Each structure stands twice: as structure tokens, then as C-alpha cells.
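The structure appears below as C-alpha cells.
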Amino acid sequence: MSEEEKSLNFIEHIIEDDLSSGFPKDKLRFRFPPEPNGYLHIGHASSICLNFGLGLRYNSPVNLRFDDTNPAKEEQEYVDAIKRDVDWLGFSWDAEVYASDYFQQLYDWAVELIKNGKAYVDSQSAEVIATQKGTPTQDGENSPFRDRTVEENLALFSEMKEGKYKEGEHVLRAKIDMTSSNMLMRDPLMYRILHKPHHRTNTDWCIYPMYDWTHGESDYLEQVSHSFCTLEFAMHRELYDWFLDQVTVDTKVRPKQREFARRNFSHTVVSKRKLLQLVEEEVVTGWDDPRMPTISGLRRKGYTANAIRNFANTIGIAKRENVVDVSLLEFSIREDLNKIAPRVMAVLNPVKLVITNYPDGEEEWLDAENNPGDDNAGYRKVPFSKELYIEKEDFKEEANKKFFRLKLGGEVRLKNGYIIKAESCTKDAEGNIIEIQCTYDPKSKSGSGTEESLRKVKGTLHWVSIKHAIASEVRLYDRLFNDETPDQHKDKDFMEFVNPESLKVITGFVEPSLKTAKVEDIFQFQRIGYFNIDKDSTAEKLVFNKTVGLRDTWAKLQQK
RNA sequence: UGGUCCAUGGUGUAAUUGGUAACACACCGGUUUUUGGUACCGACAUUCAAGGUUCGAGUCCUUGUGGACCAACCA
């Protein structure tokens with residue numbers, strides 16, 4: 001990562017400004033505050049890299065805080081998954097904290113607010129309260145319970161906590177201003193009754209604090225100096241500050257909320273609700289399905305933490321609306337994998353090729369370079385024999401000279417092997433080519449140094465020896481949605497755009513060196529793309545995921 | 001009809017805080033190559049619009065236009 005000459009984003013400018021106006025650098029503290037109601041996705045990666053990146057940049061602590069104030073949606077499974085993903089991304093948090101750690105403190109503070117006449121118990125239904133709120137262009141009206149006495153409020157609130165009421169019977173509201181132009185300031189709810197066990201506090205509580213009442217106070221309790229969230233919380237800032245006003249003391253750091261635009265990505269959705277829907281309706285196999293934009297899905301698909309971090313840094317942070325093109329993500333993973341992935345040969349769409357002048361039954365083990373860009377990567381042996389598979393699309397009976405691959409009468413080099421010449425082919429009744437016959441030049445062996453071996457032929461093909469190849473399951477993924485912005489249509493549901501062909505499972509033939517490959521090992525199938533070993537692999541059958549294809553200028557040429 | 005925020009090439013960001021538009025991706029063209037990969041070279045915007053302030057404006061002001069967000073006992 002090039003941390004050096006990078007220009008600052010607006011968040012970093014804010015911090016620099018605070019520092020230059022006297023804020024002590026050692027008081028800087030950040031946090032990443034997910035709600036454990038789903039798995040982390042690529043959008044979170046931006047927030048994670050922002051907050052933890054700031055921690056690294058200023059050498060400041062960063063808390064991992066779970067915003068667990070709604071037991072109806074939250075689960076331990078998600079807590080575990082989130083920790084796993086942040087850790088995998090390569091970041092370490094200073095403290096693992098939970099909003100639920102502060103339930104008692106929050107309660108005590110709420111009691112203070114009541115005593116100060118800043119909060120009251122409302123006993124109306126959700127519907128009535130909503131109606132009284134008015135609209136953005138129309139003032140709200142006060143609740144008839146707004147002027148309950150402090151004593152009455154205290155008693156009611158205490159009884160709410162003790163479990164004397166059913167859900168919905170009472171709520172605690174902050175007493176602010178029902179005519180504010182900011183809807184959130186119209187006496188927002190602080191507590192609601194929820195008779196649901198919490199994944200950490202179990203049944204200790206039956207009243208739960210709302211987000212607004214919790215978040216700023218949690219930041220304050222942890223002495224977080226800068227609290228960054230997405231733009232949809234911009235309106236909440238006024239309330240965040242109001243709540244802080246009720247509890248802060250001068251000697252402590254007063255947290256500052258600032259907002260940045262969430263990242264949108266083309267051809268996918270990043271909303272936990274929608275991702276959950278994909279899982280529940282079994283459009284995908286789970287949160288870690290390789291087609292999912294989740295961190296765990298990307299990891300399973302073969303993405304590296306390094307690539308994701310680079311990607312997040314590349315797209316940066318700003319305040320404007322955006323749709324990040326997937327090609328940027330694909331570039332990041334190719335860039336990383338190109339450096340580290342060992343090259344191997346695999347044929348995914350095979351056609352038989354017979355070398356008629358190669359001795360029957362003979363085999364030889366050729367040297368193959370593991371990574372041409374890495375001098376230390378070394379060589380491995382790949383078996384060669386009379387009968388091989390090559391890709392169907394690498395042969396044509398006839399073709400123009402733009403086609404560098406094999407055609408009748410034409411020559412091509414078999415990667416790491418010999419130069420061959422196609423002589424004839426045989427077809428089945430439907431006219432499909434089922435076998436290609438060719439001859440080889442025995443003196444043209446790669447690396448042999450002979451004059452023949454140095455000859456230049458335009459095309460080079462990958463191949464596998466049929467006798468030695470390992471038949472494997474290969475999972476090819478396409479984008480999950482056919483539309484560029486599936487959830488930006490006012491009149492259509494994003495589920496309408498699900499790509500029915502997002503997964504294709506085929507049998508491919510890989511070179512025998514892959515026999516010992518382990519789960520998550522990643523390779524470049526030369527001339528095809530990057531593939532890793534899926535966790536579904538067994539000793540009997542290897543299962544590969546396609547991570548991403550190689551850049552394919554030939555495909556572009558063909559389209560013209 | 002109220003309020004808040006935003007507007008730089010196809011995409012995402014930058015611009016020493018008023019000093020003459022930069023980086024990456026994509027696209028197009030080329031060189032190299034035993035991966036049509038990689039690497040390398042080149043081309044590609046005068047900053048939503050109109051006024052204004054200024055020697056000088058992407059940066060400041062005004063007015064428009066366009067977009068996002070705000071009325072969950074969600075976060």
C-alpha cells in the first residue's frame with residue numbers, strides 16, 4: 001500500500017483541521033460500528049478501511065463496536081462472522097465493545113433526562129404518534145402525554161423496565177420540538193418495549209434504546225473522537241448533538257459525527273435486508289455464496305484481503321452519489337493475483353487432439369514455469385503424451401489471419417511443449433468436431449534451445465494430457481443481476497433482475513500437479529482466468545471457483 | 001409546498017485552500033511476449049448552467065437546473 005504521497009480525502013481534511021486547531025493527536029479514536037444483523041459486504045469494506053485506515057495513519061485505537069440494540073434482528077452468528085471478516089481483512093481492533101454494554105448507563109441517563117424535563121413517557125400507539133409527527137412541510141403536534149409530571153414519568157419508565165407492560169403500550173420520548181423542520185427532532189423515541197431475548201443480555205432487559213439515543217452516547221462513553229457514518233444519517237446529526245448536550249462534560253472528548261456517501265456498486269445490491277432476502281429465498285446458497293457481494297462471498301470466490309483493501313483505497317471516500325463499476329474491483333483482484341497465483345494448465349471445454357507422429361504409449365514430463373513474472377516461483381513438471389485435450393474454441397477448420405490459434409494446415413505452439421501442425425479433423429453425424437489430428441516437430445521442444453524450438457509461431461495453446469488430467473468440477477460465476485442498478489428502479493423490485501444464469505457448473509480437466517491442492521489455494525488457469533479451490537472439494541473430487549477471468553482482448557476483437 | 005446535503009472526463013477520486021485540471025480503472029491505438037495475460041508507450045474532460053467578485057475561479061457570491069436524503073416502537 002502506498003501510504004506516502006496520497007492526497008487526503010475530506011474526512012482526513014477534517015481530522016487535520018481539528019489537529020491544527022489544537023485537538024490533541026493522542027485523543028484521536030475511531031470505531032467501526034456494525035449491527036450484527038447480517039454479514040459484512042463490500043460496502044462495509046470501505047467503512048472498515050476508512051476507520052481502521054485512520055487508526056493506522058494516526059496510530060490511534062479503533063474499536064469494533066456492535067450496535068446491538070434490536071434483539072429482533074440480531075444474532076451471535078453475525079457477531080462471529082463480522083469479527084472473522086474484519087480480522088481476515090487484516091485489521092485489528094483495540095476493544096471489542098457492544099452497545100448493550102451500556103444499557104444500564106443509558107438507562108440511568110434517561111432517568112436524568114426525565115428528571116430534567118427532557119424526556120417523557122408516551123402511551124399512544126405507534127400509528128397515532130406517527131400521525132402527530134406531521135410531515136416535512138407540516139408541523140407536528142404535541143402528544144397529550146407530553147406534559148406528564150416528572151414523578152409520573154419516572155414511575156412509568158421504571159415499570160416499563162420491570163416488564164409490567166406489553167410491547168407498544170408505552171415508549172420513552174425525548175422532549176424537543178414537534179415543529180422542527182428536521183423530522184427527527186420531533187420528540188424522537190428513546191426506548192421501546194421489546195419482550196425479546198437479546199443475544200448477549202438475554203432477558204435482563206425488556207426495554208431497548210433506539211439507535212439515536214445509543215450511538216452518540218456510546219461514542220462518548222468510548223471517547224471516540226470522530227464518528228463516521230453514511231450520508232443517510234446526516235439528518236441525525238442534530239439529534240446526535242442534542243443527546244450529547246444532555247450528558248457531556250467539558251473535560252471529556254465530545255465526539256463529532258461526520259457523514260460520507262455509501263458506495264454503490266454496479267450489477268449488485270448492498271443492503272443487508274436485500275442480501276438476507278437472497279439468502280432466505282435461496283437465490284444463493286448462503287451469505288458466503290461466491291456470487292454474493294459479501295466479504296465472505298468474495299473470500300470464498302478467491303478474492304484476497306489485499307485486493308479488497310486496495311480497491312477500497314482506490315475508490316476513496318467522498319460525499320457525492322456514486323456507482324462504482326465492477327471493473328475496478330476486477331482490476332484490483334487481477335492485479336494482486338497476477339503477482340501471486342501459480343500458473344497451471346486446465347481445459348474447460350475440451351476437444352481431443354491426437355499427435356499422429358508421437359509414439360504410442362510414450363509420455364514425457366515437461367518443465368513448466370510457475371510464474372513468468374516471478375523469478376523465484378520455479379518450475380513444475382507437466383505430463384505430455386500422444387492424446388491431449390485443448391479448448392474447442394482454440395481450433396477452427398479455417399479462419400482468417402486474425403485468428404492466432406490452430407487451424408487446418410496451421411501451426412501453433414503447445415505451451416511448454418512442441419510446435420504442432422493441424423492436418424485433419426473428424427466430425428460426428430451432426431458435424432461437430434470430435435477429434436483433431438496433427439503432427440508435431442520433435443525438435444521444437446520448449447526450452448531445448450534448438451533452432452526449431454526458437455521458431456516463432458503466432459499462437460500458443462494450453463492443453464492437458466488426457467491420460468493424466470484430473471476431471472474436476474468447475475463453478476463459473478456470472479453477475480447476480482442483469483441490471484446495472486437493480487435496486488434503483490422505482491417501479492420494479494430488484495428480485496426481477498436476478499440473473500438466472502449466474503452459476504454454471506461444468507467439468508474441467510486440470511493438470512495432475514493440482515492433485516495436492518488445498519482449499520482456498522488459488523491458481524491461474526493459463527489463458528483463462530483465476531480459480532481457487534472451494535471448500536466443497538473432497539479427496540475424490542476437486543471443486544474450483546472461478547474468481548475472475550483474465551483480460552480478454554480477443555473476445556473484444558471478436559465482438560467487432 | 002419545508003429542511004439538509006451534493007454536482008469535476010464513460011467510472012471512482014484529486015487539485016498546494018483563489019494561481020491555470022492530476023491519479024487509477026474503462027475505452028481506443030501501438031510496442032514487447034512460448035498466456036490474445038503481464039509489462040511498457042500514446043490518445044482521451046476546461047470542472048451542471050447563467051451571471052458576479054478578482055490580475056486570475058473547479059475552488060468565493062447570486063440565481064437557476066439536476067440528483068440524494070428526511071415523516072420505522074430499524075440501524
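Below, chains carry the letters A, B, ... as their sequence lines are ordered, and counting in each starts from 1. Just so it is clear, the model here is predicted, and its values are computed rather than measured.
Two residues, A:H215 and A:S448, neighbour RNA chain B, and the one matched to the more 5' nucleotide by heavy-atom proximity is A:S448. For the pair A:N416 and A:R334, nearest-nucleotide mapping onto RNA chain B gives the more 5' position to A:R334.
When the C1' atom is used for both B:U46 and B:G19, the distance is 15 Å, rounded to whole Å. Spacing of P atoms, B:U53 relative to B:G12, comes out at 35 Å, to the nearest Å. Taking atom P on both nucleotides, B:U65 is separated from B:A14 by 28 Å, rounded to a whole Å. Rounded to whole Å, the separation between the P atoms of B:G64 and B:A71 comes to 27 Å. To the nearest whole angstrom, the two P atoms, one in B:G18 and one in B:G56, are 16 Å apart. As rounded to the nearest Å, B:C40 and B:A7 have P atoms that lie 33 Å from one another.
With hydrogens and angles ignored, a donor-acceptor pair under 3.5 angstrom links the side chain of A:Q524 to the base of B:U35. Judged by distance alone, with hydrogens and angles left aside, A:S446 brings a side-chain donor or acceptor within reach of the base of B:U34, the pair sitting under 3.5 Å. A donor-acceptor contact under 3.5 Å is not formed by the side chain of A:R527 with the base of B:U35. Side-chain atoms of A:R263 and base atoms of B:G12 include no donor and acceptor less than 3.5 Å apart.
Across A:N371 and A:N338, no two heavy atoms sit closer than the pair ND2-O, 3.6 Å.
Electrostatic pairing of A:R186 and A:D177 does not count as a salt bridge here, judged by no charged N lying under 4.0 Å from a carboxylate O. With salt bridges taken as basic N to acidic carboxylate O contacts below 4.0 Å, none links A:R31 and A:E222. Salt bridge present: A:E330 and A:R334 bring a charged side-chain N and a carboxylate O closer than 4.0 Å. Salt-bridge annotation for A:D219 and A:R65: present, with a side-chain N of the basic residue lying under 4.0 Å from a carboxylate O of the acidic one.
Side-chain nitrogen and oxygen atoms of A:K272 include none within less than 4.0 Å of the OP1 or OP2 phosphate oxygen of B:A75. When the side-chain nitrogen and oxygen atoms of A:S180 are compared with OP1 and OP2 of B:G3, none of them lie within a distance under 4.0 Å. Between A:K73 and B:C74 there is no side-chain polar atom (N or O) within less than 4.0 angstrom of OP1 or OP2. Contact between the side-chain N/O atoms of A:R551 and the OP1/OP2 oxygens of B:U38 is found at a separation under 4.0 Å.
In this structure, the CG atom of A:L329 is 18 Å from the P atom of B:U11, given to the nearest Å. Summarising the geometry, the separation between CE on A:M235 and C1' on B:C70 is reported as 5 Å, rounded to the nearest angstrom. Summarising the geometry, the separation between CD on A:E35 and P on B:C74 is reported as 10 Å, rounded to the nearest angstrom. Rounded to whole Å, atom P of B:C5 lies 19 Å from atom CG of A:N322. Separating the CZ atom of A:R31 from the P atom of B:A75 is a distance of 15 Å, rounded to the nearest angstrom. Rounded to whole Å, atom C1' of B:C69 lies 14 Å from atom CZ of A:R237. In this structure, CZ of A:F228 is placed 19 Å from C1' of B:A75, rounded to the nearest angstrom. If you measure from atom CD of A:E16 to atom P of B:A15, you get 13 Å, rounded to the nearest angstrom.
In this structure, A:D101 contributes its side chain and A:Y98 its backbone to a donor-acceptor pair below 3.5 Å. Proximity of a side-chain donor or acceptor of A:K175 to a complementary backbone N or O of A:R146 within less than 3.5 Å is detected. The closest donor-acceptor contact from the side chain of A:S180 to the backbone of A:I176 lies at 3.5 Å or more, if one exists at all.
Using a 4.0 Å heavy-atom cutoff across all strands shown, A:S327 reaches sugar-phosphate atoms only and no base atom. Residue-level contact check: A:I317 touches the backbone only, with heavy atoms under 4.0 Å from sugar-phosphate atoms and none from bases. Nucleic acid contact for A:E393: none, since no nucleic acid atom lies under 4.0 Å from a heavy atom of the residue. Using a 4.0 Å heavy-atom criterion, one finds that A:H13 contacts the bases of the nucleic acid, with or without backbone contacts as well. At the heavy-atom level, A:P34 lies nowhere under 4.0 Å from the strands shown. Heavy atoms of A:E321 sit under 4.0 angstrom from primed sugar atoms or phosphate atoms, though from no base atom. Within the nucleic acid shown, A:G134 comes within 4.0 Å of at least one base atom, counting heavy atoms only. Counting any heavy atom pair closer than 4.0 Å across all strands shown, A:K166 reaches no nucleic acid atom. Looking at heavy-atom distances under 4.0 Å, A:F403 makes contact with a base. As judged by a 4.0 angstrom heavy-atom cut-off over every strand, A:Y191 is placed among residues making no nucleic acid contact. Nucleic acid contact for A:V457: none, since no nucleic acid atom lies under 4.0 Å from a heavy atom of the residue. Residue A:A126 is classed as a base contact, given a heavy-atom separation below 4.0 Å to a base. Nucleic acid contact class of A:K456 (heavy atoms, under 4.0 Å, all strands): sugar-phosphate only. Across all strands, A:T131 comes closer than 4.0 Å to no nucleic acid atom at all (heavy-atom distances).
In this structure, A:W554 counts as stacked on the base of B:G36 under the 5.5 Å centre distance and 30° plane angle limits. Centre separation under 5.5 Å together with a plane angle under 30° holds for the ring of A:F404 and the six-membered base ring of B:G36, marking them as stacked.
Checking B:A26 for Watson-Crick or G-U wobble geometry (two distances, each under 3.5 Å) identifies no partner in any strand. When both pairing distances are held under 3.5 Å, B:U54 makes no Watson-Crick or G-U pair with any nucleotide shown. With a 3.5 Å ceiling on both atom-pair distances, the Watson-Crick or G-U wobble partner of B:U31 is B:A39. The partner of B:C5 is B:G67, by the rule that a Watson-Crick or G-U pair needs both atom distances under 3.5 Å. Applying the Watson-Crick and G-U wobble criteria (two distances, each under 3.5 Å), B:C44 pairs with nothing in any strand.
Ring centroids of A:F145 and A:H170 are separated by 6.0 Å or more, keeping the two rings apart.
Closest to the side chain of A:M210, out of B:U38, B:A75, B:A14, is B:A75.
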